[in-house]
Each structure stands twice: as structure tokens, then as C-alpha cells.
Amino acid sequence: MADMRAFRDEVTDWAAGGPGEAARELAARLGVRTAVLLEGPSDHAAVETLAARRGRDLAAEGVCVVPMGGAMSVGRYASLLGPPGLALRLAGLCDEREQPFYDRGLERAGAPRRDFFVCVSDLEEELIRALGPAKVEEVIRDEGDIRAWQTFLHQPAQHGRPRQQQLRRFLGTKKGRKIRYGHLLVEALAPEQVPAPLDDLLTSL
């Protein structure tokens, strides 16, 4: 796991303009065969949590989950990790509104699009919809965030908004909260509740 984390760090540095030699060496040494491209760390937390729930060790399988820091980076990562670079198999999740960035980036890199799965708004919205607002509020209560949630609901901007939208906005109001709940909401899912894009991604790996 630590070695795969080192590979991920080297890829992030490479994407930012650093040298790629260390990433190439680690990919060969670790037997990396697939890179899962995700927009951010909350998606990363969700994917890793579901994999663990299903008894899978993605790192041992040669799968590296890579949060890119935004959809607009997909072309850069696809060129480094896909056919023009390390020639890894690419998979991932994207939001519906960001799909054009993925389509263009993957096409430029000559990478197949078949293992990328689309969330309607984003993965948080998919998880909230799958669990239902009442269950998400139960998770918030169990996590000790109920007072913060109640304070949030009293904000004028939240009055009259659908509960799912309020919950989705709440998860993004504090640094680190989306990452924490990316893990917690997946943990709360029953097997039959796993959103289709997330289930399809894990099944494809």
C-alpha cells in the first residue's frame, strides 16, 4: 500500500511538470496495470472503501486509484498513464457535466472510454440518492455532526431547498468533510444500494 501511495505521489508530481522517471520505475516494480482516474479525494475514499468491503486489495491487484484534482486534468493524466505514456489500462468515474472533458482527453490520448462511468451530478449525489436523506442524516448524527447540520439548515440560502440538495451542499462546506463522508456513506450502503456507476467501476477492475 505504501509503495502504491508513493507511485501515486510520483504521478501527481509528474502531472504537475516534474520528471517521470520515478513513476516509470515504480510502475514496473509494482506491476501497475490499471490507473483509476477520479476527480478528487472524496471519490478516492469511496472507491477504496467499497473495494475493501468487497474483500479486494486494489494495490495488490496492480490497480492505482488516482485523484486528479479536477476533471480538467484528465487529458494530462491520460497522456501520462495511458497509451502515450505508461500504457496502463485507464478506468474511472466522471460527472455528467464534466463528461466532455473526459471524452476529449481520452480521445487525444488514444485511450478507450468503455471503463469510465458517469454520475448524474457527482458521486456524493449518487450516494445520497442511494441511501435516502433519512439514512444520510442518521450517518451525520452518528458521526457527531448533527449540530453543524442543524445550524446549516437554518441558513437562509437553504430554506425551501430539497433535502438531497441540502445534504450535498453540507458535505462540501468544511474542508475534509467530503472525504470523510465518502467513506462513511459507502460504509452505510446495503449491497443492493451501491450506485450503478460505482458498482460498474469496481466490477470492471
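Computed over heavy atoms, backbone and side chain alike; hydrogens, waters and symmetry mates excluded. For clarity, every value in this text was computed on a predicted model and none was experimentally measured.
Inter-residue side-chain proximity for Leu123 and Lys178 is flagged as unmet; no heavy-atom pair is nearer than 4.5 Å. Looking at heavy atoms from C-beta onward, Thr12 lies in side-chain contact with Tyr77 at the 4.5 angstrom threshold.
For the side chain to side chain contact (heavy atoms under 4.5 Å, CB included) test, residues two or more places apart in sequence or in another chain that qualify with Pro19 are Asp13, Glu21. Here Phe101 pairs with nothing under the ring pair (Phe, Tyr, Trp, His ring centres under 6.0 Å) rule; sequence neighbours left out. Under the rule for a ring pair (Phe, Tyr, Trp, His ring centres under 6.0 Å), Trp14 has no partner lying at least two apart in sequence or in another chain.
Closest non-hydrogen pair, Leu127 versus Gly182, comes out as CD1-O, 4.5 Å. Across all non-hydrogen atoms, the minimal contact from Asp145 to Arg177 is OD2-NE, 4.3 Å. Between Ala111 and Pro83, the shortest heavy-atom distance links the atoms CB-CD, 4.0 Å. Nearest heavy-atom pair across Arg129 and Val120 is NH2-CG2, 3.9 Å. Pairing each heavy atom of Leu37 with each of Ala78, the nearest pair is CD1-N, 4.3 Å.
Judged by distance alone, the side chain of Gln99 and the main-chain N or O of Cys94 form no donor-acceptor pair under 3.5 Å. Formation of a donor-acceptor pair under 3.5 Å by the Arg56 side chain with backbone atoms of Leu205 is found in this model. The main-chain N or O of Glu125 is never found under 3.5 Å from a side-chain atom of Arg168 such that the two would form a donor-acceptor pair. At least one donor-acceptor pair under 3.5 Å links the side chain of Tyr102 to the backbone N or O of Leu93. Side-chain atoms of Gln193 come within 3.5 Å of backbone atoms of Ala190 as a donor-acceptor pair (strictly under, hydrogens ignored). In this structure, the side chain of Arg29 does not engage the main chain of Asp3 through any donor-acceptor pair within 3.5 Å. At least one donor-acceptor pair under 3.5 Å links the side chain of Arg53 to the backbone N or O of Leu189. With hydrogens and angles disregarded, no donor-acceptor distance shorter than 3.5 Å links the side chain of Glu187 to the backbone of Thr49.
Under the 3.5 Å distance criterion, with hydrogens and angles disregarded, no donor-acceptor pair is assigned to the side chains of Gln150 and Arg147.
Atoms OG1 and CG, from Thr203 and Leu198 in turn, are 9.0 Å apart once rounded to the nearest 0.5 Å. Here Leu80 contributes atom CG and Leu86 contributes atom CG; the two are 7.5 Å apart, rounded to the nearest 0.5 Å.
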With side chain to side chain contact (heavy atoms under 4.5 Å, CB included) as the test, would you mind laying out the steps for Arg33 and Glu61 before giving the verdict?
CA-CA 8 Å; Arg33 60 176 182 83; Glu61 295 176 24; 4.2 Å; yes
